[in-house]
Participant: 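Below is a structure I'd like to ask you about.
Whatever order the structure lists them in is the order used to number ligands and atoms, beginning at 1.
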Amino acid sequence: MHRLGDQRISTSAVSDPDVKPSYARVVIDRSIHRELDYSIPETLADRVGIGSRVRVPFRDKSVLATVLGLLDESPAKGIRPIDAVVGEKPTISPILLDLARWMSTYYCSPFEAVIRSILPQVIRHAKVGWKKQLFVSGAKEIPPDEIEKLKKRAPRQAELLEAILKLPGPIPAADLLRQTSLDNQTLRALEKRGFVILTESAVARDPHADEQFVASSHLVLNEEQAGALAALEEAMADPKAAKPILLHGVTGSGKTEIYLQAIHSTLSNGKTAIVLVPEISLTPQTVERFKSRFAESQDTIAVLHSHLSEGERHDEWHKIQSGRAKIVVGARSAVFAPLNNLGLIVVDEEHETSYKQEEAPRYHARDVAIVRAKLEGSVALLGSATPSLESYYNAVEGKYRLVNLTQRVDNCALPIMRIIDLRLERKKQKFPAIISEKLRTVIEDRLNKREQTILFLNRRGFSTSLLCSACGEARNCPNCSVALTFHRAMSRLTCHLCGHTAAVPKKCPACSQDTLIYSGFGTEKVESSVAQLFPRATVRRMDADSMTRKDAYRETLNAFRTGKIDILVGTQMIAKGLHFPNVTLVGIINADLGLHLPDFRAGERTFQLLTQVAGRAGRGETAGEVFVQTYTPFSPSIQFARHHDFAGFFQQELEFRERCEFPPFTHAILITVRSAHQARAQFSAETIARRLKENLPDEFLRSAPTAAPLEKLQGQFRFHILLRGSAILRLSRLVRETMDKLPLPEDVVAAVDVDPYQLL
Ligand code: ADP
Ligand code: ZN
């Protein structure tokens, strides 16, 4: 038995095809942190390959496992044989296995956890199969007199037979019976006579089967776009030598059109492509843009997202693995799509933090895409209007090639951003209105001109806390260290972290006085204030609470597009990628929300969000205006966003990161230790910190173990240790070695997060 990574075994095919390897080295789907060897029975020899899924005996159970390598001999003792092969072909390609090894090392994560990310559950367990359907076709030669006889004896069978014989090929039995309104019995009778043949075949469950896509063709690129495409084609001509490309294009500069044309050229070269988009942007609108450009064959595009049924996921996955699908559009995990001959991986909105998976193996899909592209010999293309500091820094340092799109398509102007200083509003009135006077005037103006408005606030609910003005107690979540949010539609208090809800008390439960006040506001309250201010306007809200029904999202967007809604209020759900020509005004209700979080990326996130939201304005004939309400009008994030000055923001933020030794100048690893028992979590965090101090050389920075900013979450007390250093692979390895040797009490969990994005 071997520890993972002790010994490298060849993941290439065995050299002599006549000599069958006798052993397989596997990793089972359990956290045992080591590889095991099994013998390959003669009967399975043809079907066991690198990447195969197999069933093996482990202790007294039969468990699923993945084959990592084939061996002629094994040093292990007491080797048992593989029980069975699951599925037909090897399920993971050798390149994906290499990627898995890299992820396991880099992200300090057990190999089996990585396999769980790479293979969807429906494939790993192979419990769901193809949907089978019965197909009918006519038998080859039926003498005419037989048909005549049948007409007399069994006219209904004859009728059905004639219909079948007219068919150009096999069709689903159910369709035929529906068309002819005859029954199954008649059909079976014909089969008995040998006049028709019934066969069962697999059919795909296509989530987009009932949609029609109107074919679209290439747009004529403007000069900047043409330059960007040329850079890509140059890279695709010699992908091994090419660097990843960072496409920095302002909102509305036509990045998607470049993706589409680059994919087209990849396909013309006989290769395939993956397009990653953030889950939140994987809207029908986005899917349609891809499907309609490659409409010639229904199968060309596979779409992977979290709302597929198990059956649909099974079918899409096999459509990809069998080579029928050439393009995969999907969210984070689509980076593992089993395409062969991969030519291009596009990561749209590469700065989006939703590319980071917040459970083991805690990978970042953009970074995995870069590594996969390298292993596959394909080109990686990262696109964004607001690139992450990390990626832009890589471009400035020459690791990536930077390509710029500075103009909006058709030279539409970027929207004008105006700042509304809420401190001045506060001087005017003690309780400033949610919608300042200035913002109210411009909304009124848009209503008069029959133009549309988007109002953005990144916080749900009606009131963000319920306080007692006598004793000062707030209603907090019993499981998390945050205040409960009041939702008026439900008329309950809710925790946005764990989902706990509570009734709204009439009196303060702490001091029993009738002195409760609501404070802070979310989108629900914005919606209601706006509706009061503008009674003749149609106002709708779009956030996780109002969009629970399956079609609500599509319906609301359609209503907005067709002008049935005047004012759309929403959270980040409306910040991304939407394109509405008639929106000429965007109001940002409170730009400060994310700015003061204890997270070194707070400034970067605010800059990105403001720029993205502002990008929703003025995408048609009329120039757009953006009004930003803020208490900190001079904060750099707001000022640079206002002047559309990415370079300026980057420069200033980079200096801050360098001063504080934060990414991109270092890599960080965040260890979170949690337990339902506060003292035990703290004690374990201190023990881990002590061990790390012994094991880590001084080049690595270590923070003392401290209570996390979000000290309690879902009933667990949390402590943080933050490590930083440049040599991330070495740091990862040392952390893993330290943690492996350190048994924790049963009720304490330590999570290691490499390149963390969630610092609360
Ligand atoms: P981005 O992704 O950079 O925000 P999009 O790719 O969505 O921008 O492009 C914005 C709009 O401009 C889309 O409606 C797109 O069809 C259109 N567009 C893009 N390129 C061109 C072009 N070369 N000529 C005309 N219209 C274009
Ligand atoms: Zn909670």
Participant: Are Glu257 and Arg293 ion-paired here, with the side-chain N under 4.0 Å from a carboxylate O?
Facilitator: yes
Participant: Going by distance only, is there an N or O of Thr251 that falls short of 3.5 Å from an N or O of ligand 1?
Facilitator: no
Participant: Please report the closest heavy-atom contact between Tyr553 and Ile280, naming both atoms and the distance.
Facilitator: OH-O, 4.0 Å
Participant: Do you know which two heavy atoms are closest between Leu229 and Gln261, and how far apart they sit?
Facilitator: CD2-OE1, 3.6 Å
Participant: Take every heavy atom of Arg408, measure it against each atom of ligand 1, and state whether any distance is under 4.0 Å.
Facilitator: no
Participant: Compute the centroid of each ring, for Phe646 and then for Tyr392, and state whether the two points are separated by less than 6.0 Å.
Facilitator: yes
Participant: Anything protein N/O/S under 2.8 Å from the Zn ion (ligand 2)? Just list residue and atom, please.
Facilitator: Cys477 SG, Cys480 SG, Cys495 SG, Cys498 SG
Participant: Quick one: are the ring centres of His496 and His487 less than 6.0 Å apart?
Facilitator: yes
Participant: Report the part of Arg289 in contact with ligand 1, treating N, CA, C, O as backbone and CB onward as side chain, heavy atoms under 4.0 Å; options are side chain, backbone, both, neither.
Facilitator: side chain
Participant: To the nearest 0.5 Å, what is the distance between CG (Asp367) and CD (Glu390)?
Facilitator: 8.0 Å
Participant: Starting from atom 9 (O) of ligand 1, which protein heavy atom do you reach first, and at what distance in Å?
Facilitator: Gly254 CA, 3.5 Å
Participant: Among Val569, Thr571, Leu557, which residue satisfies the side-chain contact (heavy atoms from CB on, under 4.5 Å) criterion with Met542?
Facilitator: Leu557
Participant: Among protein heavy atoms, which lies nearest atom 21 (C) of ligand 1, and at what distance?
Facilitator: Leu219 CD1, 3.5 Å
Participant: Would you mind checking if Arg460 and Asp545 are paired as a salt bridge, meaning a charged N to carboxylate O distance below 4.0 Å?
Facilitator: yes
Participant: So for ligand 1, is Val409 a polar contact partner (N or O within less than 3.5 Å, distance only)?
Facilitator: no
Participant: In the protein, what heavy atom is nearest to atom 20 (N) of ligand 1, and what distance, to one decimal place, separates them?
Facilitator: Gln225 NE2, 3.0 Å
Participant: Can you check whether Gly252's main-chain N or O pairs, donor with acceptor, with Arg408's side chain at less than 3.5 Å?
Facilitator: no
Participant: If you have a sec, work out which protein heavy atom is nearest atom 14 (O) of ligand 1 and how many Å separate them, to one decimal?
Facilitator: His579 NE2, 3.7 Å
Participant: Validate the cation-pi geometry between Arg540 and Phe560: distance from NZ or CZ to the six-membered ring centre under 6.0 Å, angle to the ring axis within 45°.
Facilitator: no
Participant: Please report the interatomic distance OG(Ser253) to CD(Gln407), rounded to the nearest 0.5 Å.
Facilitator: 9.5 Å
Participant: Of the side chain and backbone of Val220, name the one, both, or neither that has a heavy atom under 4.0 Å from an atom of ligand 1.
Facilitator: backbone
Participant: How does Thr256 reach ligand 1, by side chain, by backbone, by both or by neither, if only non-hydrogen atoms under 4.0 Å count?
Facilitator: both
Participant: What do you reckon, does Gly252 have a nitrogen or oxygen under 3.5 Å from a nitrogen or oxygen of ligand 1?
Facilitator: yes
Participant: Below 4.0 Å from any atom of ligand 1, is there a heavy atom belonging to Gly249?
Facilitator: no
Participant: Determine the minimum heavy-atom distance between Gly594 and Ala602, stating which atoms define it.
Facilitator: O-CB, 3.5 Å
